[in-house]
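The residues of the chain are indexed from 1 along the displayed sequence.
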Amino acid sequence: MLKKIITSMAMLAATSAHAELPEFDITIVFDEGLTESQEAIFLEAEAYWESLITNYAYDVTFPTGLTITASGEDIDGVSGVLGSASPTLGYSYAGITYASTGTMTFDTADLADMEEDGSLYYVILHEMAHVIGYGTLWTYNDLYDEGTGQYTGEYALAEYQAEFDSTATYIPVEQDGGTGTADGHWDEDWAGGTEELMTGWYEGSAFISNTTLAQFMDLGYIVDFDSLVAVVPAPTVGAATLLMFVLYRQQKSKVNTEKGIVTC
């Protein structure tokens, strides 16, 4: 539910010196329903993304950073709807829309099982990427037209060509799985493989590709490829296969129902 997008009319003041640019920082605000050990997993995911996304690409004038409110709530019991995640406030600067705040809510009936089987960390990583803008802010930034299945952002496409398919003219985007999976993930049959973190289904282990990291460059960030390391495989697969689909399904429907833009 993207409540507002505030547009700054300030002129772009870019600088080539990364040290002079504002640092990207995620702040997790914990609400009710999470245990200390679950909160620790959120913080681990936060630190991982902060190690990869380091700065804004421009000397932006809006308040920097991303604040995510995380909570556990009694939704519908074991399985079913596992939760939701979405950006809730954004700023548009020099033609790029950035997320400023967001929410991540999980069903308390499922949290313990996800923590026990090792999938919670990967689900949080995945959903936090959506709050930052992966999949949720593509259309706002003219990187993707819904229904086409073709992501055309410059930086990610260049990495995809270098990593997986030198002849590609676009990155395949998922069109199956219904609302929330379609149009918001790399395609399950793309050349990067099914175990990449940002495909629509969790396979029991995950890695983050250069293509996914470069996608955040398309969203207006500076990233650190040298800090990109393989994500350690989860200990079990089990019922975790559908976790990401249900979570992002809820989130994407919220984003699509309200696209108001406030210009100031």
Apply the test side chain to side chain contact (heavy atoms under 4.5 Å, CB included) to residues L125 and W49: give CA-CA distance (whole Å), side-chain angles for both, the deciding distance (0.1 Å), then the verdict.
CA-CA 8 Å; L125 274 180; W49 280 124; 3.6 Å; yes
Counting only N and O atoms by type, is there a donor-acceptor contact under 3.5 Å from the side chain of Y56 to the main-chain atoms of G65?
yes
Any residue meeting side-chain hydrogen bond (donor to acceptor under 3.5 Å, both in side chains) with N210, in chain and number order, not counting sequence neighbours
none
Would T139 and E146 satisfy side-chain hydrogen bond (donor to acceptor under 3.5 Å, both in side chains), going step by step from the backbone distance to the final call?
CA-CA 7 Å; T139 57; E146 290 193 3; 4.6 Å; no
Using modelled atom types and a 3.5 Å cut-off, is there a donor and acceptor pairing between side-chain atoms of T136 and backbone atoms of H130?
yes
For the student: nearest non-hydrogen atoms of E188 and E174, plus distance:
N-OE1, 2.9 Å
How long is the span from the OG1 atom in T199 to the CH2 atom in W190, to the nearest 0.5 Å?
8.0 Å
Under 4.5 Å between any side-chain heavy atoms of S92 and F62, yes or no?
no
Interatomic distance, CD@E115 vs CD@Q38, rounded to 0.5 Å, equals 4.5 Å
OG of S227 to CG of L52: how many Å apart, nearest 0.5 Å?
6.5 Å
Side chains of I53 and I132: closer than 4.5 Å at any heavy-atom pair?
yes
Closest contact, heavy atoms only, A57 versus I222:
CA-CG1, 4.0 Å
Is there a side chain to side chain contact (heavy atoms under 4.5 Å, CB included) between L219 and L137? Walk through the geometry before answering.
CA-CA 8 Å; L219 289 172; L137 297 181; 4.3 Å; yes
Nearest 0.5 Å, please: how far is CZ in F30 from OG in S71?
11.0 Å
Where do D74 and D107 come nearest, in terms of heavy atoms and distance?
CA-OD1, 4.1 Å
Donor-acceptor check, side chain of D187 to backbone of D189, threshold 3.5 angstrom: yes or no?
yes
L197 and A206: which non-hydrogen atoms are nearest, and at how many Å?
CD1-CB, 3.8 Å
Would you find a donor on one side and an acceptor on the other, under 3.5 Å apart, between the side chain of E163 and the backbone of T211?
yes
Answer with yes or no after comparing the ring centroid distance for Y93 and Y98 against a 6.0 Å cut-off, counting only values under it.
no
Do D25 and E50 have side chains that approach each other closer than 4.5 Å (heavy atoms only, starting at C-beta)?
yes
Main-chain N/O of T212 paired to Q215 side chain as donor or acceptor, under 3.5 Å
yes
Give the minimum heavy-atom separation between S100 and Y91, together with the two atoms involved.
OG-CE1, 3.4 Å
Are M128 and I68 side-chain neighbours, meaning at least one heavy-atom pair lies under 4.5 Å?
yes
Is the distance between the ring centroids of W186 and W201 under 6.0 Å?
no
Validation row: E39, I28 side chains within 4.5 angstrom (heavy atoms)
no
Are S209 and E196 close enough that a side-chain donor and a side-chain acceptor fall under 3.5 Å?
yes
Donor-acceptor pair, distance only, cut-off 3.5 Å: does the side chain of D59 make one with the backbone of L21?
no
Rounded to the nearest 0.5 Å, how far apart are CG of D226 and CG of L228?
9.5 Å
Go through the steps for T103 and S86 under the test side chain to side chain contact (heavy atoms under 4.5 Å, CB included), then give the verdict.
CA-CA 6 Å; T103 60; S86 69; 3.9 Å; yes
Does the side chain of F24 come within less than 4.5 Å of F216's, by heavy atoms?
no
Less than 4.5 Å apart, side chain to side chain, heavy atoms only: is that true for I171 and F164?
no
Scan for side chain to side chain donor-acceptor pair (under 3.5 Å) pairs involving residues 149-162, sequence neighbours excluded, and state none if there are none.
Y151-D218
If only atom types and distance count, is the side chain of Y144 paired as donor or acceptor with the main-chain N or O of G149 below 3.5 Å?
yes
Main-chain N/O of A191 paired to D165 side chain as donor or acceptor, under 3.5 Å:
no
Stepwise, does the side chain to side chain contact (heavy atoms under 4.5 Å, CB included) test hold for I124 with E46?
CA-CA 9 Å; I124 291 174; E46 171 199 340; over 6 Å; no
Can you name the nearest heavy-atom pair linking L213 to D224, along with the distance?
CD2-O, 3.9 Å
Between T88 and T101, do the side chains contain a donor N or O and an acceptor N or O under 3.5 Å apart?
yes
d(E44 CD, L120 CG) to nearest 0.5 Å is 10.0 Å
Whether S51 side chain and Y48 backbone form a donor-acceptor pair below 3.5 Å
yes
Do M217 and Y170 share a hydrophobic cluster, counting only Ile, Leu, Val, Met, Phe, Trp and Tyr and linking them when any side-chain heavy atoms are less than 4.5 Å apart?
no
Return yes if some donor-acceptor pair links the side-chain N/O of H185 with the main-chain N/O of G135 below 3.5 Å, else return no.
no
Within the supplied structure, the quantity of interest is the number of heavy atoms (other residues, nucleotides, ligands) at a distance under 6.0 Å from E23 CD; does it exceed 12?
no
Decide whether V29 and L111 are clustered together by the hydrophobic rule: side chain heavy atoms of Ile, Leu, Val, Met, Phe, Trp, Tyr closer than 4.5 Å, transitively.
no
